[in-house]
Amino acid sequence: MLLSKYFLPVLKELPAEAQVISHRLMLRSGMIRRQASGIYSWLPLGLQVLQNIINIVNHNMNKVGSLEILMPCIQPASLWIASGRFENYGKEMLKFQDRHDNTLLFGPTNEDMITEIFKNNIKSYKDLPKNLYHIQWKFRDEIRPRFGVMRAREFLMKDAYSFDIDQASAVQHYNNMYLAYLQTFRDIGLNVIPVLADNGPIGGNLSHEFHIQTENGESTIFYDKKFLNLINSKSLDIEKIQSLYAVAEEKHDPTKCSLAPEELASSKSIEVGHIFYIGSKYSKVMNAVVNDKHGNLVPIEMSSYGIGISRLVAAIIEASHDDKGIIRPINIAPFCVSILNLNILDSKCNELSRNLYAQLKTNNITVLYDDTEERVGSKFATHDLIGSPYQVIIGPKGAIKNIVELKNRKTGNIEELDIEVVCGKII
Ligand SMILES: Nc1ncnc2c1ncn2[C@@H]1O[C@H](COS(=O)(=O)NC(=O)[C@@H](N)CS)[C@@H](O)[C@H]1O
């Protein structure tokens, strides 16, 4: 992408309304713009990160056998009346009337809808297990939206739903998804800590939240210090992981925690995913039953699994930034490489920049070529801010000797290289 043809409205000054670093950096780097309280537009740089996260989530959902569907944002109130949640979901639900005075709502979640889809289309245990997911915008009228897209009112969620014939297979399914979540966050480049949590209004009696540790997190988690090397080990042993103490704040009871003070860690954190074993809460009340192998009608066993896709964009920045800006994990970076042509009036700089740009694109490396007439200092600031994992800096002095600088954004390490070897260093 040529920066002269892109849309990257970088801000020089600090946006006043932003209280946390991820919100500040997402505004300054031209990733999002606020349209109303808790409601944002995603500009090209931000949307590309969202898409890269979606690609990783899709890959891992499909790998664990979850099939993608797409349910609507707008839901009929009748569904939520049938599940008994319409009245008690609370003020977070945005309800409205259509022109025929039907009551509709902007879906905050989809258990009721997916249960109806299942109920109307699957009748036999032979069709189980099933796992369906979608990635769709949700609306929750948060009383205090804050921290940019971290706690928004309109936000993007991946929500998956599994269906099994009995509790034993449902818990096995739940554990498969638990592992798929650990792998998903690892592919994104995040170390998450899964903690036992409350099911809350979703329902059920088993639930884990997936947290990343950051000083700006709204949550607090408590866990056994042994957890950290376990969770970062190559092979993920679910029994061992789930046997260690790791709980969300509402579940932490110091009187019941058997860990010695020096064994217990706690930290501020951000919840980026939440999974729930629900059981038959929805299938019973909505009569979603199947014939079991004895020909009896049984309510199916369900679980639901959420990932905050848009929240993740901010959470990753909270976990990976420095005083110059964002440090992108390579798997979700909108551009792997930024080419900084320091003098667009110098023919040698232009020649090397254009050739490298073409070579990187031929090798399917995402690249942003800064071909603007911005001053050198401004180019350095912009590309440190947007956080491409690599910068190739091409200045007149080096260019006449075919020498350029390759900078690693994460380490800050800069090495002088012949232009011929740069592409090989990045692939
Ligand atoms: N207001 C919000 N803004 C941004 N992300 C949010 C917001 N509320 C929740 N999320 C994200 O969405 C994830 C799932 O939300 S949830 O309420 O925990 N779970 C559900 O709604 C279930 N239906 C999962 S299928 C959360 O872990 C969090 O990462």
Side-chain angles (χ1 to χ4, degrees), residues 20 22-23 26 32 34 37-40 42 50 53 57 61 66 68-69 71 73 75 79-80 83 85 89-94 106-115 131-163 173-174 177-178 180-181 184-185 188 190 192-195 197-204 206-212 214 217-219 221 248 250 269-278 281-282 302-319:
V20 296
S22 58
H23 189 192
M26 288 181 77
I32 56 171
R34 179 184 181 280
S37 167
I39 297 174
Y40 288 83
W42 291 79
L50 216 47
I53 292 171
V57 170
M61 286 297 104
S66 190
E68 189 173 17
I69 64 171
M71 291 178 270
C73 290
Q75 304 187 21
L79 265 181
W80 288 69
S83 71
R85 291 212 281 183
Y89 191 84
K91 287 187 170 300
E92 284 191 359
M93 180 179 278
L94 179 64
F106 193 134
T109 182
N110 285 67
E111 281 82 3
D112 328 69
M113 185 175 279
I114 196 73
T115 303
N131 188 325
L132 304 171
Y133 80 96
H134 73 153
I135 296 177
Q136 184 55 288
W137 293 94
K138 303 287 191 288
F139 194 92
R140 293 183 185 176
D141 204 354
E142 297 276 352
I143 188 161
R144 255 191 72 226
R146 56 189 175 282
F147 305 159
V149 297
M150 195 100 79
R151 181 162 293 281
R153 291 199 293 168
E154 183 176 346
F155 61 96
L156 191 60
M157 186 198 294
K158 183 283 302 171
D159 36 321
Y161 303 89
S162 61
F163 306 91
H173 208 144
Y174 177 96
M177 288 293 276
Y178 177 100
Y181 265 50
T184 300
F185 293 118
I188 289 171
L190 283 178
V192 294
I193 296 187
V195 296
D198 276 346
N199 285 56
I202 299 280
L206 169 64
S207 171
H208 284 88
E209 291 172 354
F210 294 76
H211 286 252
I212 60 164
T214 59
E218 289 182 294
S219 307
I221 53 175
E250 72 271 8
S269 64
I270 300 171
E271 176 203 318
V272 291
H274 195 165
I275 65 176
F276 309 75
Y277 163 65
I278 300 172
K281 168 182 174 180
Y282 297 91
M302 287 174 64
S303 290
S304 71
Y305 315 85
I307 289 180
I309 304 278
S310 49
R311 175 179 284 182
L312 265 171
V313 177
I316 292 164
I317 295 172
E318 287 293 334

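Residues take their numbers from the sequence shown, with the count starting at 1. Counting starts at 1 for both ligands and their atoms, following the listed order. Every value quoted in this text rests on a predicted model; they were computed, and no experiment measured them.
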Can a salt bridge be assigned to the pair E218 and R151 using a cut-off of 4.0 Å between side-chain N and carboxylate O? yes
If hydrogens are left out, which of R140, M157, H274 has an atom nearest to atom 17 (O) of ligand 1, that is, the closest non-hydrogen atom? R140
What residue and atom, counting heavy atoms only, is the protein's closest point to atom 11 (C) of ligand 1, and at what distance? G308 CA, 3.6 Å
For atom 28 (C) of ligand 1, what is the nearest protein heavy atom, given as residue, atom name and distance? R311 NH1, 3.5 Å
Going by the atom numbers of ligand 1, which of them fall below 4.0 Å from some non-hydrogen atom of Y305? 24 (C), 25 (S)
Among all protein non-hydrogen atoms, which one is nearest to atom 26 (C) of ligand 1, and what is the separation to 0.1 Å? E271 OE2, 3.0 Å
Looking only at protein heavy atoms, which one is nearest to atom 10 (N) of ligand 1, and what is the separation? F155 CE1, 3.6 Å
Just checking, is any N or O donor in the side chain of S207 or E209 under 3.5 Å from an acceptor N or O on the other one? no
With a heavy-atom distance limit of 4.0 Å, tell me whether F276 approaches ligand 1 through its side chain, its backbone, both, or neither. side chain
Ion pair R85/D112, N-O distance below 4.0 Å: yes
Just by distance, no angles: are the side chains of N131 and S66 close enough, under 3.5 Å, to form a donor-acceptor pair? yes
Y178, Y174, F276, Y277 screened by side-chain contact (heavy atoms from CB on, under 4.5 Å) with Y305, the one that passes: Y174
Using a 4.0 Å cutoff against the non-hydrogen atoms of R151, which atoms of ligand 1 qualify? 3 (N)
With heavy-atom distances below 4.0 Å as the criterion, list the atoms of ligand 1 near D159. 25 (S)
Show the nearest heavy-atom pair for residues M157 and P108, with the distance to one decimal. CE-O, 4.2 Å
Looking at every heavy atom in both S219 and H211, which two are closest together, and how far apart are they? CB-CE1, 3.6 Å
Measure the distance from atom 22 (C) of ligand 1 to every protein heavy atom, then report the residue, atom name and distance (to 0.1 Å) of the closest one. E111 OE2, 3.5 Å
Starting from atom 4 (C) of ligand 1, which protein heavy atom do you reach first, and at what distance in Å? M150 O, 3.3 Å
Residue and atom name of the nearest protein heavy atom (relative to atom 3 (N) of ligand 1), distance in Å to one decimal: A152 N, 3.1 Å
For a quick test of reading the model, state the closest non-hydrogen atom pair linking T115 to M302 and the distance between them. OG1-CE, 3.3 Å
Which of the listed options, T109, L156, N199, holds the heavy atom that is closest to atom 23 (N) of ligand 1? T109
Inspect the contact between R153 and E142 and indicate whether a charged nitrogen and a carboxylate oxygen are less than 4.0 angstrom apart. no
Should S310 be listed as contacting ligand 1, given a heavy-atom distance under 4.0 Å as the test? no
Numbered in order shown, the ligand 1 atoms found under 4.0 Å of a heavy atom of V272 are 27 (O), 29 (O)
List the atom of T109, the atom of Q75, and the distance in Å for their closest heavy-atom pair. O-NE2, 3.1 Å
Counting each atom of ligand 1 from 1 as listed, which ones have a heavy atom of V149 under 4.0 Å away? 4 (C)
